[in-house]
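Indexing begins at 1, ligand by ligand and atom by atom, following the structure's order.
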Amino acid sequence: MFSALDEQGSLRILYRIPRSEVEHLKKSGPFYCPSCKEVVRIRSGNRYATHFAHWPSSSCSYKGETYQHQRGKLLIYEWLIQQGLSPELEYYLPDIQQRPDVLVKWKKYVFAIEFQCSVISASEVKRRSRQYRTAGIIPLWFISEDKVKGTYPKISFSAFLRSFLYRFGDQLHFYSFSPHSNSLSIFTIRQSLSSRKLLTKKCSRSLFQFKLPELFETRRIGISMDSWVQSVYYYRTTPHRMGSAKHRQFYQFLYLNHIAPFLLPSICFLPLRYQPLYDTPAVIWQSRVLVTYVTGVEIGGEISCPPIHVSDVLGNEEMDLIEYYFKELVYLGFIEEREGSWYKRKEIPFPKNIEQALRQDKELMIQLKRRDKSS
Ligand SMILES: [Zn+2]
């Protein structure tokens, strides 16, 4: 870390301290960790920027911060200075007991920038994001590039990654950063291909070629219907592994309703933009919604289904997946919307065999493609 308290309790920042002053500074100690209040020492070397370090016996969460994390922090700090802003390195926020890597004010907004180099639990990311938000601060997470796995444009998806998703316009985004190559990537999510795979498009440049507000521009990108039909084909023709408890319960649910998993209607797989924010795969919740709340309703009858709320890192806009799903069903002619209520218009066609199912998928794909073209 780059900051510590001196004997008077003032914060000392080791940013760009000339080599010649380090020895002098070392003698002016002791210095204390702002977080755990233990004595820390000053370390400098050829490979490292001069920094404060805990002693080996310490159990402070700031101990053992990696070189990569330190370098990343400094680059982000310098990047903001270059834009004429006044960032603070490791600024301690006592009200919420957080010390973001870099805190910066831009117009009327305050951003806490966190460069996340290690895998932490999704609930921890959510907790910290929530804390920042309650303090009126916008959390801005950059994930270390090596934590983004998979072969671009398909990347591996996990609860960890889900906790870093931002919604701008009607697209989901996340950021990755590599201090090694100094490049920032803005990933825009096209769609989820399965619960573990996303189709993305990224915009990568040197960090210093971005201006802060550019990070929040909407990058519109359509859903790939060809990838969608391929992933449904895969689902229908590949033997199902039982996998998680969620999947087991789902197969049991289908079994009790006399439905074969590979003969689900195409509209149980609808690609929705905000699906990646939800931890239940599309096929599971869409099938459940249709079978539980729609198929039993007679034509013209009202459909009432509880909402499925999801939210992004900014958390301020709760989105209801059911609403987006039903809007698609309205477009496809299965239900209609009148004065804020949903009514059934058409029976849901369950395919009788795999040929019928695949034909249904193709037809749906054509319908959705046509709509995307005309919009
Ligand atoms: Zn400490």
Side-chain angles (χ1 to χ4, degrees), residues 1-19 21-78 80-81 86-105 110-135 137-144 146-147 160 163-164 177 179:
M1 58 190 181
F2 296 104
S3 53
L5 300 169
D6 63 18
E7 287 238 271
Q8 285 73 43
S10 318
L11 201 64
R12 301 289 291 264
I13 310 271
L14 290 184
Y15 173 67
R16 298 212 161 182
I17 297 284
R19 203 29 88 68
E21 283 178 27
V22 172
E23 283 312 311
H24 173 72
L25 197 70
K26 276 183 181 172
K27 287 190 194 99
S28 70
F31 297 100
Y32 305 91
C33 169
S35 177
C36 68
K37 308 290 187 294
E38 282 173 26
V39 172
V40 289
R41 60 205 160 120
I42 295 175
R43 277 175 85 190
S44 56
N46 293 328
R47 239 173 71 75
Y48 293 88
T50 303
H51 64 279
F52 291 107
H54 285 82
W55 291 93
S57 58
S58 166
S59 57
C60 178
S61 58
Y62 285 97
K63 184 191 159 192
E65 185 181 65
T66 60
Y67 169 64
Q68 181 203 19
H69 190 179
Q70 285 193 356
R71 188 178 146 82
K73 247 193 250 195
L74 279 184
L75 284 169
I76 294 165
Y77 179 75
E78 287 171 347
L80 295 165
I81 287 188
S86 312
E88 303 268 9
L89 206 53
E90 300 172 349
Y91 186 85
Y92 184 64
L93 302 158
D95 291 351
I96 52 170
Q97 298 179 9
Q98 294 250 32
R99 212 151 55 105
D101 289 337
V102 183
L103 190 79
V104 68
K105 213 173 163 223
V110 182
F111 294 93
I113 306 180
E114 293 279 12
F115 177 40
Q116 192 58 40
C117 292
S118 56
V119 175
I120 54 174
S121 73
S123 56
E124 175 66 7
V125 179
K126 283 195 181 129
R127 188 186 67 80
R128 292 177 62 190
S129 294
R130 203 166 39 237
Q131 279 190 327
Y132 283 131
R133 290 195 314 258
T134 53
I137 296 169
I138 302 168
L140 180 55
W141 297 88
F142 291 175
I143 313 168
S144 174
D146 61 329
K147 296 289 171 289
F160 174 71
S163 58
F164 297 106
F177 177 51

*Specify the closest pair of heavy atoms between Leu103 and Pro100, including all atoms of both residues, with the distance to one decimal.*
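In this case the closest contact between Leu103 and Pro100 is CD1-CG, 3.9 Å.
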*asked:* I need the minimum non-hydrogen distance between Leu5 and Pro34, along with the two atoms involved.
replied: CD1-CA, 3.9 Å
_Residue pair Ser163, Trp141: steps toward the side chain to side chain donor-acceptor pair (under 3.5 Å) verdict_ = CA-CA 10 Å; Ser163 58; Trp141 297 88; over 6 Å; no
*Protein N/O/S atoms under 2.8 Å of the Zn ion (ligand 1)?*
Cys33 SG, Cys36 SG, His54 NE2, Cys60 SG
*Is the count of non-hydrogen atoms from other residues, nucleotides or ligands lying under 6.0 Å from Tyr91 atom OH greater than 12?*
no
*Considering the options Arg12, Arg99, His51, which one meets the side chain to side chain donor-acceptor pair (under 3.5 Å) requirement together with Ser3?*
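One option only clears the test, and that one is Arg99.
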_Full working for side-chain contact (heavy atoms from CB on, under 4.5 Å) between Val102 and Leu89_ = CA-CA 5 Å; Val102 183; Leu89 206 53; 4.0 Å; yes
